[in-house]
Amino acid sequence: MVVAFKVTGGERGGWAVLRVSGELDLVTSPVLRQRVHDEVAEGRHSLVLDLSEVHFCDSSGVGVLIASRRLIRSCRGRLRLILPARGAVEDSHVNRVLGALGVRRLFDVYGDVAEAVDEGSEPLSA
């Protein structure tokens, strides 16, 4: 079963939350890039990208994640990721891709939205 790519937005505890589902690839990554830019343009500099429903991510998707991190940091904001399979589990495709490219350590990764928006919560280890 193919899951259509979708990005939905919301807010929780002062954080903008973008929930992403489907495949994050060359065709779909510009959609996420634009949504992140829109959030920042509207003054939201604390952003959670919930990737728990992303089952495939290629290098263009990783590029969007890195560009999003750079954009948020340039605004002195905060970016937190939620990865599939609670992030640190080896069967998470996105986690494996980020690890294989050596960029996993660049991101603060959390197990779910509740942890990500909790100021006292620590990110998962790389």
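In this text the structure is predicted, and so the values were computed from the model without any measurement.
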>> I'd like to know whether CZ of Arg73 has more than 12 heavy-atom contacts from other residues, nucleotides or ligands below 6.0 angstrom.
In response: no
> Checking Arg80 side chain against Ala116 main chain: does a donor-acceptor pair fall under 3.5 Å?
Replying inline: yes
>> Working note: His45 + Val40, criterion side-chain contact (heavy atoms from CB on, under 4.5 Å); need CA distance, chi angles, decisive distance, verdict.
In response: CA-CA 6 Å; His45 299 156; Val40 171; 3.9 Å; yes
> Please walk me through it: do Arg78 and Trp15 pass side-chain contact (heavy atoms from CB on, under 4.5 Å)?
Replying inline: CA-CA 9 Å; Arg78 300 175 293 172; Trp15 288 79; 3.4 Å; yes
> Would you say Ile66 and Leu26 are hydrophobically clustered, going by side-chain heavy atoms of ILVMFWY under 4.5 Å?
Replying inline: no
>> With side chain to side chain contact (heavy atoms under 4.5 Å, CB included) as the test, pick out the partner of Leu79 among Leu106, Val36, Leu47, Asp108.
In response: Leu47
>> I want to check something: taking the side chain as every heavy atom from C-beta on, are Leu49 and Leu32 in contact at a cut-off of under 4.5 Å?
In response: yes
>> side-chain contact (heavy atoms from CB on, under 4.5 Å) for Tyr110 and Leu81? Distances and angles first, verdict last.
In response: CA-CA 6 Å; Tyr110 292 80; Leu81 302 184; over 6 Å; no
> Do Leu71 and His37 have side-chain heavy atoms sitting under 4.5 Å apart?
Replying inline: yes
> What's the shortest heavy-atom distance between Leu24 and Gly61, and which atoms?
Replying inline: CG-CA, 3.7 Å
> Which value, rounded to the nearest 0.5 Å, describes the distance between Arg105 atom CZ and Leu98 atom CG?
Replying inline: 11.5 Å
>> Using modelled atom types and a 3.5 Å cut-off, is there a donor and acceptor pairing between side-chain atoms of Ser121 and backbone atoms of Asp118?
In response: no
> With a 4.5 Å heavy-atom cut-off, do Asp58 and Asp25 have their side chains touching?
Replying inline: yes
> Side chains of Leu18 and Val48: closer than 4.5 Å at any heavy-atom pair?
Replying inline: no
>> If you compare all heavy atoms of Ala114 against all heavy atoms of Arg12, which two are closest, and at what distance to 0.1 Å?
In response: CB-NH2, 3.6 Å
> Does one side chain, of Arg19 or Thr8, offer a donor that lies under 3.5 Å from an acceptor on the other?
Replying inline: no
> Nearest 0.5 Å, what's the CD-OG distance between Glu11 and Ser46?
Replying inline: 9.5 Å
>> With rounding to the nearest 0.5 angstrom, report the CG to CG distance, Asp112 to Leu83.
In response: 12.0 Å
> Can you tell me how far the CD atom of Glu122 sits from the CD atom of Glu115, to the nearest 0.5 Å?
Replying inline: 11.0 Å
> Are any side-chain N or O atoms of Ser21 and backbone N or O atoms of Glu53, one a donor and one an acceptor, separated by less than 3.5 Å?
Replying inline: no
> Which value, rounded to the nearest 0.5 Å, describes the distance between Asn95 atom CG and Phe107 atom CZ?
Replying inline: 11.5 Å
>> Using 0.5 Å steps for rounding, measure from the CD1 atom of Ile72 to the CD atom of Glu39.
In response: 9.0 Å
> Heavy-atom distance under 4.5 Å between the side chains of Val62 and Val103, does that happen here?
Replying inline: yes
>> Test side-chain contact (heavy atoms from CB on, under 4.5 Å) on Val20 and Asp50; report intermediate values, then the result.
In response: CA-CA 6 Å; Val20 185; Asp50 182 352; over 6 Å; no
